[in-house]
Amino acid sequence: MRDPDLEAGPVADALLAWYDAHARDLPWRVSPAERALGVRPDPYRVWLSEVMLQQTTVAAVRAYFHRFTTLWPDVTALAAAEDGTVMGEWAGLGYYARARNLLKCARRVVSDLDGRFPDSPEALRLLPGIGPYTAAAIAAIAFDRPETVLDGNVERVMARLHDIHTPLPGAKPELTARAATHTPTTRPGDYAQAVMDLGATICTPKSPACGICPLRAPCRARAAGTAAELPKKTPKKPKPTRRGIVYLARRDDGAVLLERRPDKGLLGGMLGWPGSEWGETAQERPPFAAQWDTLAGEVRHTFTHFHLILTVKTAPLPDRMNPETGEIITAAGFRPSDLPTVMRKAYDLWRDGVA
DNA sequence: AAACCGTGGTC
DNA sequence: TGACCAAGGTT
């Protein structure tokens, strides 16, 4: 840490100057120009965007952020929403524990904190769904506190800036220390967003645009020619393939049989079609006795840690029945967009077969 | 600490 | 076309 080019000042200064000219225009963001005029971001919108952005691309988040802030403009409104409504609005975005924790967090902020988000990372960290990264990000971006954020972008930028070849996740402590060295005490919120913007637009995972990078002068990996191969990562385990069956029962009036999945585990809290367990081989488990037709084709879907091949079976839903599993949703109450993607794929396979 | 937890875009 | 990747958190 003796190299003057790598001390806090030069790197932060270069990044902030670049950010003033090239900051992305994002719906939850206060632009550097507005910030200079004293405009402060709404902590609710910062928190909501940060949770949505966990392991998720900006492109995917935009529409969801707009829907959520339109339906629920502040944390009090969100805290008062029904669980099923929020889960339905989150459908398709993935990592559904985020949505469950989002609601828990909103309700705790309203009931315990008078509707105001804390400004310290320590206090933020105590709330559901807020880990080390998100706590630092909210403190820095919403409250302009000099906290160091470490996300995938910052890891990549720091690994390259300092030419660190230690593989992730082991390199995290080292990268955190490096990142902290550069965090400025002035404009820390803009700085945090600047590093992440750099990682998202210039210092990208593949073929980084080193030629136009504001950090090209001090960057050690660029000098060494190793930028494109950093950061190193420990290889991932191969994904096994599992199989299962889902049962789509529909009445002539359009009502369907769905079930609310338990809060714990995969797709927890979401609606889904009744079906078998997912394992080596699919076991029949129809929700009621009937002549089940097997649809041509199958649903293929990949989750975080396994591939899934789903067989889709259909039958008419009897007019009067009290199913032991699931609940009958009327045509008016059924929105395919409430379904997680794998379940919507099964619905689409059936609908395409009918059309 | 390692496993679990979604999805869509990209090359 | 399949593996990698994205503003990670929880258990």
Side-chain angles (χ1 to χ4, degrees), chain A residues 24 26-29 41 45-65 87 90-102 104-105 124-142 147-157 168-170 172 176 179 189 191-201 203-208 228-229 231-242 261-270 272 278 299-308 339-345:
Chain A
R24 286 180 293 174
L26 302 174
W28 47 85
R29 173 175 285 179
R45 294 167 66 89
V46 173
W47 162 72
L48 179 61
S49 67
E50 288 301 338
V51 173
M52 286 184 166
L53 286 163
Q54 289 166 4
Q55 295 290 285
T56 308
T57 58
V58 166
V61 164
R62 281 182 185 275
Y64 285 85
F65 182 82
M87 299 311 289
W90 197 275
L93 202 54
Y95 285 134
Y96 298 101
R98 291 185 297 171
R100 302 194 301 272
N101 286 329
L102 190 81
K104 278 187 203 166
C105 182
L124 286 161
R125 183 71 184 74
L126 297 175
L127 295 166
I130 299 183
Y133 162 76
T134 305
I138 295 172
I141 297 170
E147 303 298 330
T148 298
V149 300
L150 192 77
D151 74 326
N153 289 304
V154 182
E155 288 174 353
R156 188 167 58 254
V157 170
L168 284 166
K172 267 197 166 188
T176 303
Y191 173 78
Q193 296 176 90
V195 194
M196 293 191 281
D197 271 22
L198 187 80
T201 63
C203 195
T204 51
K206 297 166 192 172
S207 44
E229 64 190 63
K232 302 279 192 188
K233 298 195 175 181
T234 56
K236 294 171 183 172
K237 290 186 175 179
K239 298 180 200 284
T241 297
R242 299 183 189 169
R261 300 172 63 89
D263 270 351
K264 300 283 182 186
L266 193 70
L267 307 179
M270 299 300 291
W278 299 343
V299 168
R300 289 176 174 273
H301 191 76
T302 298
F303 291 101
T304 310
H305 54 293
F306 65 93
H307 303 289
L308 178 66
L339 300 176
T341 298
V342 65
M343 298 297 173
R344 192 178 44 71
K345 283 183 180 177

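Throughout, a chain's letter reflects where its sequence line sits, starting with A, and its residues are numbered from 1.
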Pick out the pairs of N or O atoms, protein on one side and nucleotides 9-11 of chain B on the other, that lie under 3.5 Å.
none

Between His305(A) (NE2) and dA3(C) (P), how many Å, whole number? 16 Å
Specify the separation, in whole Å, of atom CE of Met52(A) and atom P of dC5(B). 22 Å
For Lys104(A), check salt bridge (Lys or Arg N to Asp or Glu O under 4.0 Å) against everything at least two apart and list the hits. none
Which atom pairs, donor and acceptor, lie under 3.5 Å between side-chain atoms of residues 233-242 of chain A and protein residues at least two apart or in another chain?
unit_1: Thr234(A); atom_1: OG1; unit_2: Leu168(A); atom_2: O; d: 3.3
unit_1: Lys239(A); atom_1: NZ; unit_2: Thr304(A); atom_2: O; d: 2.5

Could you work out the separation of dC5(B) and dA7(C) based on their P atoms and round it to a whole Å? 23 Å
Measure the distance from CG on Leu266(A) to C1' on dC5(B) and round it to the nearest whole Å. 7 Å
The criterion is salt bridge (Lys or Arg N to Asp or Glu O under 4.0 Å); which residues satisfy it with Arg125(A), sequence neighbours excluded? none
Mind checking what makes side-chain hydrogen bond (donor to acceptor under 3.5 Å, both in side chains) contact with Gln193(A), not counting sequence neighbours? Arg29(A)
Whole angstrom is fine here: how far is it from CG in Leu168(A) over to P in dC5(C)? 10 Å
Nearest-0.5 Å distance that lies between atom CZ in Arg300(A) and atom CG in Leu308(A): 10.0 Å
Side-chain atoms of Val342(A) come closest, of dT7(B), dA3(C), dC5(B), to dT7(B)
Those residues at least two apart in sequence (or on a different chain) that pass salt bridge (Lys or Arg N to Asp or Glu O under 4.0 Å) with Arg24(A) are Asp197(A)
dC4(C) P sits how many Å from Lys237(A) NZ, rounded? 15 Å
Looking at dG6(B), dA3(B), dC5(C), which one has an atom nearest to any side-chain atom of Lys236(A)? dC5(C)
How many whole angstroms separate atom CG of Leu339(A) from atom P of dT7(B)? 11 Å
Scan Lys239(A) against the nucleic acid and name what it touches under 4.0 Å (heavy atoms): base, sugar-phosphate only, or nothing. nothing
To the nearest 0.5 Å, atom CD of Glu155(A) lies from atom CG of Leu150(A) at 4.5 Å
Please find out if less than 6.0 Å separates the ring center of Trp90(A) from that of Tyr64(A). no
Rounded distance in Å - CG (Leu93(A)) to P (dG8(B)): 10 Å
Rounded distance in Å - CD (Glu155(A)) to C1' (dC5(C)): 13 Å
Looking only at side-chain N and O atoms, does His301(A) come under 4.0 Å of OP1 or OP2 in dT7(B)? yes
Quick one: list whatever passes salt bridge (Lys or Arg N to Asp or Glu O under 4.0 Å) with Glu50(A), sequence neighbours left out. none
Sequence-distant partners of Phe303(A), ring-ring contact (aromatic ring centres under 6.0 Å, His included), two or more places apart: Trp278(A), His301(A), Phe306(A)
Kindly say if Arg344(A) contacts the phosphate of dG8(B), meaning a side-chain N or O under 4.0 Å from OP1 or OP2. yes
When the P atoms of dG8(B) and dG9(C) are compared, how many Å lie between them, rounded to an integer? 22 Å
Annotated protein contacts, base or backbone, on nucleotides 6-11 of chain C with a non-hydrogen cut-off under 4.0 Å, one of B, S, - each: BBBSS-
